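Working notes for the structure below.
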Amino acid sequence: MSHSLFVIVRVSLLLQANQFAFKISFEMKFRYELEVKKLAEPISHMHQLLLLGSCFTENIGEKLDRYKFTTLQNPNGILFNPISVAEALTDAIEKKELTESNLFYYNEAWHSWKHHSRFSGLTKEEALQKMNKSYDKAHMFLQECDYLLLTLGSAWIYTLTEKAPSAKPGTVAANNHKAPSDWFTRRLMSTEEILRVLDNVIHRLFRFNPALKIIFTISPVRHLREGAVENNRSKAALIQAVHHLVDKFDRLSYFPAYELVIDDLRDYRFFAEDLVHPNYFATEYVWEKMVGACMDEKTKKLVEEIHAINLAFQHKPFNAGSSQHRTFLHSFLERTQRLAEKHPYLDWQKELAYFSAG
């Protein structure tokens, strides 16, 4: 009797211990999950979005394009520092037209100190045509767009020396075009200097487009070529300046892409092999957080529907002539047609053509 009672009591204690252990493990947190503040006026497919800044800008821009938002990305190419970003916006406002005097010849191509190498050309005419066409497009788009997404990458700037061709010494290079190091002098912008540069261009932007709203982000890409300590000093200066501006202007907001990767995910598993760029999973996580914070339920629902269409569009059939595949195509043709009727302002031509082929 007493032996049986001992067993029952022991089992009961073990169960209680297991329940207690389960409760403890269930409540433990192994990472800090950042709550992202909702955007006061959510982004929708009716809005036009200009994205400008670092390479992380293009990661997000690619996703916006995939889900059929109207965007214009980096009209000068990838830019990292606040001065180059501000100059690109000023040139777009003024509809700047470059001439041969703004170009230099290096490594068998013509380049501009204000542009990424994607705008370089084998001839002066080719380079100028690409650059000026992009300025024209940016001018018109900026005048009408609803949102400007600015992603700042680094407060380190490279100013041109007297050895750099076609440049006034002391001006900032947006891209080094793999030029010799003695063409540049490196220095870190102060928070006050960043504030002054961005404050000036924001006032110009609001005069040019009174309805414009601006979303700032700091790129989570780590500029380790500058050094680990130097990268952190740079990011700190950018963050301080941006939050000062967000507090000052009503139509400015901040999306914490940097904090989501560095403080939330906080693991090298979420970086590419170079340990500098966020990988696919990190970018997807930031995108999901952006959708949740910056879009309303109606827009999120449409994003989900477009995602299903995209998956079907990318599907590679084992037997393209099978009745099963034809049924699959017909089903998504009807689904796409319904979306096209409901959202005629979006371009569905390639999807309708593909699904109609069956």
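These figures come from a predicted structure and were not determined experimentally. Numbering starts at 1 and runs along the sequence shown.
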### Message
Under 6.0 Å between ring centres: does that hold for Y254 and H243?
### Response
yes

### Task
Check whether L160 and L98 end up in the same hydrophobic cluster, where Ile, Leu, Val, Met, Phe, Trp and Tyr are linked by side-chain heavy atoms less than 4.5 Å apart.
no

### Message
Quick one about T217 and T151 (side-chain donor to acceptor, distance below 3.5 Å, no hydrogens or angles considered), yes or no?
### Response
yes

### Query
Looking at the rings of F69 and H45, which for Trp means the six-membered one, are their centres under 6.0 Å apart?
yes

### Message
Test salt bridge (Lys or Arg N to Asp or Glu O under 4.0 Å) on R204 and E94; report intermediate values, then the result.
### Response
CA-CA 10 Å; R204 291 206 63 179; E94 296 176 352; 2.9 Å; yes

#### Entry: Pair E87-N76, side-chain donor/acceptor within less than 3.5 Å
no

### Query
Of all heavy-atom pairs between P220 and P278, which one has the smallest distance, and what is that distance?
CG-CG, 3.8 Å

### Message
K130: which residues meet the side-chain hydrogen bond (donor to acceptor under 3.5 Å, both in side chains) condition with it, sequence neighbours left out?
### Response
none

### Message
Counting only heavy atoms from other residues, nucleotides and ligands, does the tally under 6.0 Å from CD of E284 exceed 12?
### Response
yes

### Query
Do the ring planes of F184 and W113 sit parallel (below 30°), tilted (30 to 60°) or perpendicular (above 60°)?
perpendicular

### Task
Check whether the side chains of D263 and Y32 place a donor and an acceptor atom closer than 3.5 Å, and report yes or no.
no

### Task
Kindly compute the distance separating CG (L265) from CD (E33), expressed to the nearest 0.5 Å.
9.5 Å

### F332 and F328 aromatic centres sub-6.0 Å
yes

### Message
If you define the side chain from C-beta out and look only at heavy atoms, does anything of I214 sit under 4.5 Å from L245?
### Response
no

### Task
Please say whether more than 12 non-hydrogen atoms of neighbouring residues, nucleotides or ligands are located less than 6.0 Å from CG in D250.
no

### Query
Has K137 got more than 12 heavy atoms of other residues, nucleotides or ligands less than 6.0 Å from its NZ?
no

### Task
Indicate, with yes or no, if the rings of F249 and H203 have centres closer together than 6.0 Å.
yes

### Salt-bridge present (R187, E193; N to O < 4.0 Å)
yes

### Task
Give the C-alpha distance, both sets of side-chain angles, the deciding distance and a yes or no for salt bridge (Lys or Arg N to Asp or Glu O under 4.0 Å) between R338 and E341.
CA-CA 5 Å; R338 288 195 296 271; E341 290 173 4; over 6 Å; no

### Task
Kindly indicate, with the supporting measurements, whether the criterion salt bridge (Lys or Arg N to Asp or Glu O under 4.0 Å) is fulfilled by R196 and E192.
CA-CA 6 Å; R196 184 170 63 254; E192 292 73 23; over 6 Å; no

### Query
Among side-chain atoms of Q240 and H244, is any donor-acceptor pair under 3.5 angstrom?
no

### Pair T299-D296, side-chain donor/acceptor within less than 3.5 Å
yes

### Task
For K68 and E351, run salt bridge (Lys or Arg N to Asp or Glu O under 4.0 Å): C-alpha distance rounded to whole Å, both residues' side-chain angles, the deciding distance at 0.1 Å, then the answer.
CA-CA 12 Å; K68 298 189 180 298; E351 292 87 355; 2.8 Å; yes

#### Entry: Carboxylate-amine/guanidinium contact R233 E226, below 4.0 Å
no

### Message
Just to verify, which of Y106, W183, F104 counts as forming a ring-ring contact (aromatic ring centres under 6.0 Å, His included) with H177?
### Response
F104

### Query
Quick one: do L150 and F80 end up in the same hydrophobic cluster if we chain Ile, Leu, Val, Met, Phe, Trp and Tyr together by side-chain heavy atoms under 4.5 Å apart?
no

### Y345 OH: over 12 foreign heavy atoms closer than 6.0 Å
yes

#### Entry: Heavy atoms from other residues, nucleotides or ligands near CZ of R266 exceed 12 (cutoff 6.0 Å)
no

### Task
Would you please indicate yes or no on a ring centroid separation below 6.0 angstrom for H315 and Y354?
no

